[in-house]
Structures are given as C-alpha cells and as structure tokens.
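Below: the structure, in structure tokens.
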Amino acid sequence: MTWHILGAGSLGSLWATRLARAGMPVRLILRNPQRLEAYRQAGGLTLIEAGQPAQYAIPAELPQAQTPIHRLLLACKAYDARSAVASIAQRLAPGAELLLLQNGLGSQDEVAQQLPEQRCLFVSSTEGAFRPADFQVVFAGNGHNWLGDPGDPRPPAWLDELQRAGIAHQWSTDILARLWRKLALNCAINPLTVLHDCRNGGLSEHPAEVAILCTELTELLQLCGQPAAADNLHEEVQRVIHATAANYSSMHQDVALGRRTEISYLLGYACAAAQRHGLQLPHLQHVQQRLLEHLQARGLPVN
Ligand code: NAD
Ligand code: KPL
C-alpha cells in the first residue's frame, strides 16, 4: 500500500527516503504548484547519512490530486496539523490510517476529531533530522519512534514495513504516557534554554529552576492520570541535560532562527491542563508568561 507523506520537511523527508530506499511505494504531498515545481527541479529528495548523500526520485503531487489515500504520514509542525489534514481530508478512504508525527500534545486530538472515519495513530519520535537545503535532509541522530493508538491497543499489520525500512520503532499500548513524558521533558528544558539563551548543558547552572519545574510537572502528570510519565522525571531531565549538553534545544533553535515555536502544544498545553484541573503551578505559569513576552518582543507568534 502506498505511503502518502504530507510535510516534506526534516522528519517527513527522513521517513520518505528510508521507505523509498526499502522499495515501498511512497508519494509526497506538497503544498502548492510552486513547491511541486521546485521539487521537480531538485529531482527528488536527498538523504544525507554519515556524510553520504543519496537522492531518491520519489513521486510528488498536490493535495488536490484525485487518488484516494489509504495510509498517510502527517509530518508537519503541530500548529499546521489541522489545516494540513483539511487539505487532503476528502481524499481519505474510509478506514484510512494516519500517523501523526507531531511533538507535544493537543494537535493529535484536533486531527482525530476531524476524522471520525479514520484511524489516527500517534507517534512520539526521538530521531533527529534537519534540512541543510530544500529537499535535502541530514539524519542527525539515531533515535526511536513509538507508535500507538489511544483508542485501540492492536498494532497495525504493516509495522514490519518500518522494520524493513530501518526505521527504529516500537508499538506502544500507552502512547499517551510517552507523549506526556516527552512533553514534560520539553517543558522542563526548552523554555529555560530560550530564557537563559543557552545550550541544554547551560541549565546545569540553574538547578533550582529545573528542579521546581520538574516538581510541578510531576504533580500535573499525576493529576492527569499519567503516573508512569511522572516517574523519576527530575532524574531523567537531568540525564537529558547532561547527555545533550552541547545541543541547542529545538525551541531555542526556532527562536534563534525567527521561526514559530510549538509553545501552544508544549508549555501552553501543560498550563491549560493545570487550569482545567484547578491546579496552581506558579513556576510553570511564570515561565510561560516570560516566554510569551520573550516571543512577543521578537515579533514571533505566541500560539
Ligand atoms: P519541518 O518544519 O522541517 O517540516 C514540516 C514540513 O511540513 C514543512 O516542509 C512544511 O512546509 C510542511 N507543511 C506544513 N503544512 C503543510 C501543508 N498544509 N501542506 C503541505 N506541507 C505542509 O518540521 P520537522 O522538523 O520535520 O517536525 C515535524 C514534527 O516533528 C514537529 O512537531 C517536531 O517538533 C517533531 N520532531 C522533529 C524532530 C526533528 O529532528 N526535526 C525530532 C523530533 C520531533
Ligand atoms: O527534545 C528535545 C528538544 O530540544 O526539543 C530535548 C533534546 C529533549 C530537549 O528538551
């Protein structure tokens, strides 16, 4: 069955090239005729792995193409997910499966509510990729992908295709715990790296700030029915800070490059959940406030 991939950015290109390399049928969905023409000029997607480039002439089409979609990888940013799905919704076959590859929480439910006839699988990824140029992707770091369906614990039959494509993955019967855990890590690390303008390792100089955020996030996860995601959160945050000390967090990179952040689906989602539960998390809320002011001062969207 064809893999349609919407979002030919870093992760979408990483998945598309590995699936195509393994002989799976893949089609890219590009936003508009200008992007399609630019892609045709480029001649395909280039995957750069261990410094070695390889180009794959993966067919591409527009959202308005007529063919039905049975399996879709949605690989855009969380804030684009709803409109991106709307652009192809009429092409989705009944029972089609969507893999939602967005960081944070909130966008997955927005999409799933749009599509009552289709199965939405949520994906949590720790793989790393970036685009040195249009239609080129560098595989920056080995990681892992967890896939799951909060409404149905049965894995899909096609998981072996990911195996054959060399995409490290595991079926998770508790994908929400995975997504909450990553969201908590991102909330404890990313905003502080922006506010202190530092690499992840720079947070070792602010241990009290990190610790109090972890305490509040642990309280939130427990109240939201996510005890597994709360387990030893502070220790893991310290481990990640240490292991990724030389890196700039994704949010720091977005702000430095003047790009929109996914704040609404990370810290915004956490603060809204706390509010829904009537939980006061003063430090988390203060960090959110400072971050919003920081973004506003740089002319960046606050949602
Ligand atoms: P990206 O910005 O590199 O790619 C997103 C692509 O989607 C862009 O090419 C954009 O043009 C395209 N797009 C958006 N709306 C579209 C539409 N309506 N039609 C067609 N194309 C559309 O983003 P990314 O880095 O691949 O990240 C995707 C998600 O994965 C994010 O939520 C991110 O936080 C998460 N993530 C990324 C990495 C990474 O290393 N890049 C790692 C883990 C998680
Ligand atoms: O996922 C990350 C990011 O930068 O977005 C880490 C490395 C965990 C930091 O929060």
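One-based numbering, in listed order, for ligands and for the atoms of each. Each residue takes its place number in the sequence, starting with 1.
Of the options S107, G7, A75, G12, the smallest heavy-atom separation from atom 5 (C) of ligand 1 is shown by A75.
The aromatic ring centroids of H169 and H144 lie 6.0 Å or more from each other.
Every atom of ligand 1 with a heavy atom of S125 under 4.0 Å away is listed here by number and element: 43 (C). Contact atoms of ligand 1 toward R131: 1 (P), 2 (O), 3 (O), 9 (O) (distance under 4.0 Å to a heavy atom of the residue). Less than 4.0 angstrom separates some heavy atom of K77 from each of these atoms of ligand 1: 2 (O), 23 (O), 27 (O), 31 (C). Residue Q102 approaches ligand 1 through these ligand atoms, each under 4.0 Å from one of its heavy atoms: 32 (O).
Within the 4.0 Å heavy-atom criterion, the part of D80 lying near ligand 1 is the side chain and not the backbone. Residue L101 touches ligand 1 through its backbone alone, judged by heavy-atom distances below 4.0 Å. Using a 4.0 Å cut-off between heavy atoms, S250 makes no contact with ligand 1 at all.
Scanning the protein heavy atoms around atom 11 (O) of ligand 1, the nearest turns out to be R31 NH2, 3.3 Å. In this structure, the protein non-hydrogen atom closest to atom 37 (C) of ligand 1 is L11 CD1, 3.5 Å. Looking only at heavy atoms of the protein, atom 33 (C) of ligand 1 is closest to E262 OE1, 3.6 Å. Protein heavy atom nearest atom 21 (N) of ligand 1, with residue, atom name and distance: L6 CD2, 3.7 Å.
A 4.5 Å side-chain heavy-atom check between L101 and F122 finds every atom pair outside the cut-off. Residues V302 and I263 have side chains not in contact (no heavy-atom distance under 4.5 Å, counting atoms from C-beta outward).
In this view, A22 and M24, A165 satisfy the side chain to side chain contact (heavy atoms under 4.5 Å, CB included) rule, not counting sequence neighbours.
For S83, the heavy-atom gap to ligand 1 stays at 4.0 angstrom or more.
Taking a heavy-atom cut-off of under 4.0 Å, ligand 2 is surrounded by K182, N186, I189, N190, N200, V240, S249, S250.
Proximity of a side-chain donor or acceptor of Y39 to a complementary backbone N or O of A8 within less than 3.5 Å is not detected.
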